[in-house]
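Because only heavy atoms are used, hydrogens play no part in the values below, and waters and symmetry mates are left out as well, while side chains stay in. Letters go in sequence order (proteins before strands), and every chain restarts at 1.
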Amino acid sequence: MKIGLEIHVQLPTKSKLFCACPTSGDDLPNSRVCPGCLGFPGFKPTLNRKAIEYGLALAKMFGCTIPEASWFSRKTYFYPDLSRHYQGTQFAAPIGSNGTYALGKKKIRIRRVHLEEDPGSIRRVGDGSALIDYNRSGVPLVEIVTEPDLSSPAEARRFLADMLRDVRRTLGMRDDGDRTVRCDCNISVGKERCEVKNVTGLRNVERCLQYEAVRQTRVLKAGGVVERETRNYDEGRKITTSARKKGYEDDYGYIGEPDLGVFRPRAMAESVCATEMSSDIVGRLVGDYGLDPKVAEQIVHTSCRMASLFTTVADATDTETSRYWVMSVASDHKDALDAISDAEFGDVSVIAADLAVKQKAGEITDTECAIRMGCLLGGEDTPECSVARGNLEEIINRLIDENPGVLGDYAKNEKALNRIIGLAMRETRGAYSSSEVVLTAKKLVEARL
Amino acid sequence: MKPSGYNSRYGMFASFSDDVPEGKFQFSASDDILALGFEARCGSEILRGYVPPEDSTAVAALREAGGSLVGKTAIDEFKICSFGMTAECGVPRNPYDPDRCCGGSSAGAAAAAATIPGHVALASSSGAGINVPASFCGVYGLTPTWGRVSRHGLIDYAGSCDRIGLMSADPADFRKLLPRISFRDPRDPSSMAQPDLDLGLGAPKSVAVFKDWEWMVSKEVRPIFENALAELGDKGVRVDAVELPSLRYAVAAHRAIAAAEGSTSLARYCGLRYGRQDGDLSLGFDEYFTNMRSEHFGMAAKFASVFGTYVRMMDVRGSYYMDAVAVRGALVAEFKRIFENHDAVVLPTVPTVAPRFDEIKGLGLQESEYVETLSLPHGLAGMPHVTMPCGYASGMPVGMQLLADHWKEGTVIAAAEAWSKSFKTIKPGAVK
Ligand SMILES: [Zn+2]
């Protein structure tokens with residue numbers, strides 16, 4: 001079985017690909033439009049540079065060849081949601097080609113990565129007429145086309161899930177669920193392939209491929225011939241239906257877009273940071289640091305900054321120490337870490353590594369290290385630690401006096417001690433190791449029973 | 001006389017206003033250049049009713065410069081033809097002979113520049129659209145480098161060829177007004193790469209002429225252009241004959257590129273959102289837009305749609321569209337080589353004087369291509385050129401064109417000014 005996917009992802013630009021209209025905001029139909037994206041005669045497209053940079057970041061992530069020169073093309077077809085009756089897309093010179101994506105140990109070849117604009121959307125109304133909303137008209141998309149290297153619907157889904165995670169991370173997008181991805185799925189069980197157009201979401205992709213695999217197998221087993229065709233996926237009935245036979249290739253009469261001219265992706269790509277694919281990072285954590293593959297995957301999937309923090313701390317200490325701090329303290333502050341700038345993150349990583357080194361050398365206690373690292377990663381001010389030392393037994397005795405209920409509770413349930421421990425930790429701010437605090441609290445409470 | 005007076009005599013306007021304010025210079029814009037307050041029909045019935053939401057950059061700039069827009073001038077439908085006879089508003093008449101055409105596509109602009117005193121016309125070209133009518137109507141016509149004048153607000157036909165230029169009876173207007181409409185405009189990316197306009201360039205000291213020009217023009221044009229060359233020589237300009245091997249492919253290459261791009265530009269017209277929208281909405285979309293295009297496109301737009309779609313289809317694009325693109329590259333290289341040793345190239349603008357309407361009627365598509373043969377090479381190459389009257393044959397003006405390397409508008413403007421100092425223009429009506 002051979003499966004190839006064409007994946008459309010919306011790029012997180014503020015404005016559209018060829019005009020300044022916003023890509024999000026007011027959802028009132030046709031409220032985010034201008035003469036340009038409505039296709040009015042006389043209005044020229046302008047190019048959104050940010051969209052190209054996003055596309056290049058993805059091309060780099062896949063290790064694509066990036067061309068010296070690239071341009072947009074007009075893909076002509078008549079459909080009412082396409083305001084100019086041609087779509088601005090890339091045909092002859094995509095911004096990326098011949099890349100790969102590592103799905104575990106398997107390499108999935110990426111044929112091309114290109115940019116294009118979304119058409120508007122159509123809403124059919126009861127009486128047989130249709131309403132067109134051009135708010136989406138001109139929203140930038142990236143299309144990622146794979147070679148037919150996927151060999152099962154489940155693998156296709158896994159590939160999509162992993163790849164999209166990397167795509168979102170590269171583009172700095174929040175995980176907004178499955179629904180935002182649109183796929184054209186090519187699948188062949190025998191010789192001839194079928195294309196299922198416009199499938200939305202990971203689950204539907206897997207289901208539609210499963211359905212097609214069964215359908216094609218049955219046709220072949222019955223001695224029939226699978227015809228080359230375009231099919232639609234019916235989400236409600238979970239089946240695919242024939243849309244049109246395809247004896248020939250679609251011919252959109254592509255020509256270069258004369259109004260935008262040529263741009264230089266290779267030169268632009270120099271200033272765009274390449275991101276590592278998550279499977280590569282997992283491989284590196286396992287290979288170079290001897291980390292357990294499950295743990296490595298967990299760290300990378302939490303956030304790639306977590307993986308980066310792990311390597312910085314591990315380089316300064318050792319794998320086990322770093323694993324401990326990353327899995328315990330750092331994972332609590334994932335969102336805060338993702339929110340800071342690259343430069344800030346770099347500084348924070350180095351300070352965190354320094355704390356881990358000090359703790360390992362016994363210069364600070366584990367509690368102090370945890371508190372300070374927590375404040376550091378969470379973006380709070382680091383507390384003064386060693387100043388408030390004082391006598392631990394005095395402090396705990398006072399706390400018991402202030403919270404006499406703890407004694408009775410402790411008699412019923414030993415967990416009641418945690419209250420005193422927590423208060424003591426906060427007050428001593430890491431001046432004592434956690435085991436010291438626990439042992440002292442236990443001793444003093446039990447002494448009073 | 002008011003615009004309505006000129007219009008009833010020559011039919012040059014697609015729309016106009018007689019409300020002409022005092023103390024401002026008057027200008028017109030061809031009907032594919034958007035202007036607030038005027039419909040923009042671009043020579044086509046399908047755009048009837050399209051009132052643009054804003055001024056084009058060029059119109060806004062001339063208003064800013066103190067101009068008053070008096071009207072929109074007739075053009076061939078989507079600037080496709082070259083006789084000026086396909087405009088939906090009617091056929092403008094040549095000021096020198098009402099039985100003859102003005103030439104196209106900017107037919108009305110040439111008639112206005114030739115007849116209205118002190119008038120400056122914003123005109124457009126997607127090949128020879130300024131050259132041909134200016135030559136036929138005996139006025140000066142400037143086509144700047146592609147990318148010099150913002151095309152924001154120019155209804156497109158062939159984006160890689162479309163340009164906005166100026167026509168006037170006095171080339172001093174070019175020096176005055178070209179700087180006002182030449183600047184980088186973010187709303188037309190093609191204008192962003194231009195170097196600053198240099199109007200300090202002098203008139204050319206050496207010019208090249210195609211070796212074979214003589215047999216490419218009619219016998220009435222030949223002696224007039226010969227005289228013009230001699231006059232240039234008398235003024236101390238060196239005139240050399242040069243070869244331009246790709247010239248013979250220029251017309252075919254332009255046809256393919258312009259129609260291929262044009263057919264995509266025309267695809268948007270479907271009777272929705274602007275222009276004619278009065279079709280039968282009970283029909284399905286395919287039937288609706290097919291009807292609207294069948295009814296309201298003229299023959300020019302229909303031909304360009306069909307031919308242009310054909311040349312970019314997968315099976316043939318290699319031998320039509322892509323070859324044409326290669327010819328364009330070769331032409332640019334050949335011109336650049338000529339400009340290594342010469343300041344400019346001179347040529348007759350059109351091989352004939354303006355033909356009579358009855359002569360044109362009998363011409364097939366290919367037979368009428370001759371009009372553009374001497375303009376399309378640089379039309380494709382995107383180089384700046386000026387056409388100027390250089391004599392009269394049986395009372396009809398003959399044009400001479402001069403072109404320079406990319407961005408050297410200064411050279412062609414200086415040449416036109418120098419020429420106008422000694423050349424005696426004969427006004428329409430004054431020649432027998
Ligand atoms: Zn817009």
Side-chain angles (χ1 to χ4, degrees), chain A residues 18-20 30 33-49 71-89 91-92 120 122 124 127-132 134 137 248-264, chain B residues 32-34 40 42 47 50 52-54 56 78 146-147 150-156 158-162 185-193 257 260-261 263-270 272-275 281-282 284-286 288-290 308-315 317 321-322 325:
Chain A
F18 299 128
C19 65
N30 297 307
V33 295
C34 69
C37 55
L38 286 174
F40 272 46
F43 293 82
K44 305 276 177 275
T46 55
L47 194 51
N48 184 337
R49 201 186 150 88
W71 55 90
F72 279 83
S73 288
R74 294 178 172 183
K75 174 181 179 176
T76 313
Y77 62 94
F78 289 81
Y79 206 68
D81 62 4
L82 190 61
S83 63
R84 293 183 302 265
H85 289 164
Y86 58 78
Q87 180 189 26
T89 179
F91 175 63
I122 293 184
R124 291 179 203 286
D127 63 351
S129 57
L131 299 173
I132 310 171
Y134 291 100
S137 172
Y248 51 90
E249 281 287 310
D250 288 325
D251 194 340
Y252 295 105
Y254 290 96
I255 57 163
E257 168 54 76
D259 292 335
L260 285 170
V262 169
F263 59 97
R264 310 270 162 208
Chain B
D32 50 353
I33 301 176
L34 306 185
C42 202
L47 270 170
Y50 177 42
E54 56 187 276
S56 58
F78 290 104
W146 185 87
S150 166
R151 299 164 310 149
H152 166 63
L154 174 69
I155 298 179
D156 58 332
S160 72
C161 303
D162 292 347
D185 177 9
R187 303 187 70 181
D188 174 10
S190 71
S191 74
M192 295 300 282
I257 289 174
E261 291 177 5
S263 63
T264 62
S265 305
L266 296 178
R268 73 185 63 188
Y269 301 103
C270 63
L272 295 174
R273 297 195 297 286
Y274 43 79
L281 285 168
S282 71
F285 175 69
D286 288 358
Y288 176 84
F289 86 76
T290 306
T309 302
Y310 176 70
V311 298
R312 59 187 166 83
M313 288 291 105
M314 216 141 40
D315 293 344
R317 54 181 270 123
Y321 178 69
M322 296 312 287
V325 171

When you compare the side chain of [Y] with that of [X], does any pair of heavy atoms fall below 4.5 Å?
X	Y	value
A/Asp259	B/Arg151	yes
B/Glu54	A/Phe40	no
A/Phe43	B/Leu34	yes
A/Pro41	B/Tyr274	yes
A/Leu47	B/Pro189	no
B/Ser150	A/Lys44	no
B/Tyr269	A/His85	no

Between the CG atom in B/Leu272 and the CG atom in A/Leu38, the distance rounded to the nearest 0.5 Å is 11.5 Å

When every non-hydrogen atom of A/Asp251 is compared with those of B/Met314, the smallest separation belongs to OD2-N, 2.8 Å

Of all heavy-atom pairs linking A/Thr76 and B/Ala267, the shortest is CG2-CB, 4.1 Å

Under 4.5 Å from any heavy atom of chain B - which part of [X]:
X	answer
A/Tyr86	side chain
A/Arg84	both
A/Ser83	both
A/Pro80	both
A/Tyr77	neither

Max heavy-atom pairs within cutoff under 4.5 Å with chain A, candidates B/Thr309, B/Leu154, B/Thr264, goes to B/Thr264

Interface check, chain B: of A/Ile255, A/Leu82, A/Ile132, most non-hydrogen pairs under 4.5 Å belong to A/Ile255

